[in-house]
Engineer: 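Sending over a structure as structure tokens; questions will come in a sec.
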Number of protein chains: 2
Amino acid sequence: MARVQRDGGDDAEPTAELPAVRDQGPSAVNGRKVPMAADKVRSIPEAAVARLAVYLRVLSGMAEQGAVTVSSEELATAAGVNSAKLRKDLSYIGTYGTRGVGYEVDVLTVEIERVLGLTRQQKVAVVGIGNLGHALANYGGFPGRGFPVEALFDVDPDLIGIPVGGLPVNHIEDIPDICATRKIAIGVIATPPAAAQAVCDRLVEGGVHCVLNFAPVVLQVPGHVEVRKVDLAIELQILSFHVARNAEQRVSRRTAAARASSNGEVV
Amino acid sequence: MARVQRDGGDDAEPTAELPAVRDQGPSAVNGRKVPMAADKVRSIPEAAVARLAVYLRVLSGMAEQGAVTVSSEELATAAGVNSAKLRKDLSYIGTYGTRGVGYEVDVLTVEIERVLGLTRQQKVAVVGIGNLGHALANYGGFPGRGFPVEALFDVDPDLIGIPVGGLPVNHIEDIPDICATRKIAIGVIATPPAAAQAVCDRLVEGGVHCVLNFAPVVLQVPGHVEVRKVDLAIELQILSFHVARNAEQRVSRRTAAARASSNGEVV
DNA sequence: AGCCGCTTGTGAATGCGTGCACAAAATCCG
DNA sequence: CGGATTTTGTGCACGCATTCACAAGCGGCT
């Protein structure tokens, strides 16, 4: 049966609790610090993972400017969070800071990359070479390099074989085969909404476990598949909500002010 | 002073408490329903707003298929959430359901649209007419119509004046003027990261209160400006994290299985 | 009319994430 | 070498969001 798309919230997975992931001898092999992190990985909150990615980008910017160490305060303001949150986020992946000093930029970079799985390259396939798909394909390895685009798909016969961003477009029918043989890890869906579910099914069939969905539909996927969605319309509508809310507050403030002034009060 | 980008989480606003949203005559069928909702609007959790937008889309799909009423259960599964959450989300905007029956599709649609501020059209400007900006400009009023793109900007002199999606491209310098005169409500930043902050400042200068940022930078904006960001790289890295996590679990499960089998246990 | 079954709306409980505040640690300096 | 200073790491408390579970309410059926 098809499970429902998980979207930053419901954790009701069949992963159960499984508190016994760690090996029996807990302190048996204490020499290294890595195994602890390996245990901890499972417990990093999703929100923290997203922020880790932000820290990583900020760090790379700092490294370019020759920074060697960075304090939690600096890094936090640069990333737009408060320092306590940053430190807690970092504590999920281990303790790589030096008290009284800060963090070594390159150490932290490497550790975050490791936790995010960026040491291995994740191959990406883009499906739907329309306006958006075109843009994605031309991103060329995607920012931060580590996500090479290794397959493109579309239904349009006129597009098949045409190279986009240096890669020929294949037909959607070939998704399962090509994804399987090229070991695609992440599928990006940039098709019209009507086609998205079918495309997604083919991706899953091809062994893709992670999907980034730009189509405005709720995808149904088996439980082991991770879906993230990026939805333009929804982002705009959220902003619209804030516009409306602010306009409303402004109105009510104005009426309140009017009322107050008619009462002779000072605003 | 520049406030930091808020990003789906910190709600530390002066929203106060105001617990009782009074519940006078429920079935009193007071001619208007607007005022009550107007009070409530402020207290809708951000996460719920995002889901309301999803419900809206699902509802419009159902309306097209001729559905008149829908139960919370149906709507919930179609939207990929559980029904309790859906009902609570809807309860934030009022009580428009009929017990024992469900919700009228069109009533619910209208009410959600009203809360999200979609009754008024929000004018959009797109800055940065590269691959992505091109795609955005060609979206043509954006999905769900209600977000007309009314201005395009870029630095490239070769692009100035060229119509993209039926709209001429203006120079970035003119952002403040044009946004102000055309009453742009939402600015979309699709520039390279280096230019994003300057563009954002100009948008704010032009009176834009809401920004949708595609550039991989943390924007600094004054407190009254709402920023939402869509970051490809971060989405991919989050997926990458899940790939790594799953791979790891699979490995540890395998080693566990190996250990178990070597112990003669049955897995 | 009155009962029955169905579905909503919501109080209460639970869980999770955030922010605070402080102890622990490390460096620097006298 | 010891104290002052700085900054990390984290226990704790708070608040928000999710989920549960059930009473309230409505339509249909007899």
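First the proteins, then the strands, lettered A, B, ... as listed; each starts at 1. All of these numbers come straight from a predicted model, not from anything done at the bench.
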Engineer: Would you give the length of the straight line joining atom CG of B:Leu203 to atom NE2 of B:His209, rounded to the nearest 0.5 angstrom?
Structural biologist: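 It is 12.0 Å, given to the nearest 0.5 Å.
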
Engineer: Please tell me if the side chains of B:Asn213 and B:Cys200 come closer than 4.5 Å, counting only heavy atoms from C-beta onward.
Structural biologist: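 SC-SC contact between B:Asn213 and B:Cys200 ruled out.
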
Engineer: From B:Thr98 OG1 over to B:Tyr103 OH, what is the distance, rounded to the nearest 0.5 angstrom?
Structural biologist: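 OH of B:Tyr103 is found 9.5 Å from OG1 of B:Thr98.
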
Engineer: Could you state the atom-to-atom distance from CG of A:Leu86 to P of C:dT18 in whole Å?
Structural biologist: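 Distance, rounded to whole Å: 12 Å.
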
Engineer: Answer yes or no: does a side-chain N or O of A:Ser71 lie under 4.0 Å from OP1 or OP2 of D:dT7?
Structural biologist: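 Answer is no, no contact under 4.0 Å.
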
Engineer: From C-beta outward on B:Asn82, which listed nucleotide comes closest to its side chain: D:dT19, C:dT10, C:dT27?
Structural biologist: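 From the listed options, D:dT19 comes nearest.
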
Engineer: Does D:dT18 have OP1 or OP2 under 4.0 Å away from a side-chain N or O of B:Arg51?
Structural biologist: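 Looking at the OP1 and OP2 atoms of D:dT18, one of them is under 4.0 Å from a side-chain N or O of B:Arg51.
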
Engineer: Please report, rounded to the nearest Å, how far the C1' atom of D:dT8 is from the OH atom of A:Tyr92.
Structural biologist: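 Rounded to the whole Å, the gap is 16 Å.
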
Engineer: In this structure, how many angstroms lie between the P atom of D:dT8 and the CG atom of A:Leu108, rounded?
Structural biologist: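 Value for this atom pair: 11 Å.
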
Engineer: Starting at atom CD of A:Glu73, determine the distance to atom C1' of C:dA21, rounded to an integer number of angstrom.
Structural biologist: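 Rounded to whole Å, this separation is 14 Å.
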
Engineer: Check the phosphate of D:dC26 against B:Tyr103, side-chain N and O only, distance under 4.0 Å to OP1 or OP2. Yes or no?
Structural biologist: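 No, B:Tyr103 has no side-chain N/O under 4.0 Å of OP1/OP2 on D:dC26.
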
Engineer: Round to a whole Å and report the spacing from CD1 of B:Ile93 to C1' of C:dT8.
Structural biologist: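 Answer to the nearest Å: 14 Å.
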
Engineer: What is the separation between atom CG on B:Leu90 and atom P on C:dT8, rounded to the nearest whole Å?
Structural biologist: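 Rounded to the whole Å, the gap is 9 Å.
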
Engineer: Specify the closest pair of heavy atoms between A:Val107 and A:Tyr96, including all atoms of both residues, with the distance to one decimal.
Structural biologist: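 Nearest pair, atom of A:Val107 first, then A:Tyr96: CG1-CB, 4.2 Å.
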
Engineer: Select from B:Ser72 and A:Ala84 the residue whose nearest nucleotide in DNA chain C is closer to the 5' end of that strand.
Structural biologist: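 Residue closer to the 5' terminus by nearest nucleotide: B:Ser72.
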
Engineer: Report yes if a side-chain nitrogen or oxygen of B:Thr98 is closer than 4.0 Å to either non-bridging phosphate oxygen (OP1 or OP2) of C:dT8; otherwise report no.
Structural biologist: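 The answer is no; no side-chain N or O of B:Thr98 sits under 4.0 Å from OP1 or OP2.
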
Engineer: For A:Arg99 and for A:Arg87, locate the closest nucleotide of DNA chain C by heavy-atom distance; then report the residue assigned to the nucleotide nearer the 5' terminus.
Structural biologist: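 Final value for this comparison: A:Arg87.
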
Engineer: List the steps and the verdict of side-chain contact (heavy atoms from CB on, under 4.5 Å) for A:Val188 and A:Leu136.
Structural biologist: CA-CA 9 Å; A:Val188 178; A:Leu136 295 174; 3.7 Å; yes

Engineer: Write down the distance between CG (B:Asp89) and C1' (D:dA17), rounded to a whole number of angstrom.
Structural biologist: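 Answer to the nearest Å: 10 Å.
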
Engineer: Between C:dT10 atom C1' and B:Ile44 atom CD1, what is the distance in whole Å?
Structural biologist: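 Atom CD1 in B:Ile44 sits about 16 Å away from atom C1' in C:dT10.
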
Engineer: Distance criterion of 3.5 Å, no angle test: do you see the side chain of A:Lys88 paired donor-to-acceptor with the base of C:dG19?
Structural biologist: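 Answer yes: a donor N or O sits under 3.5 Å from an acceptor.
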
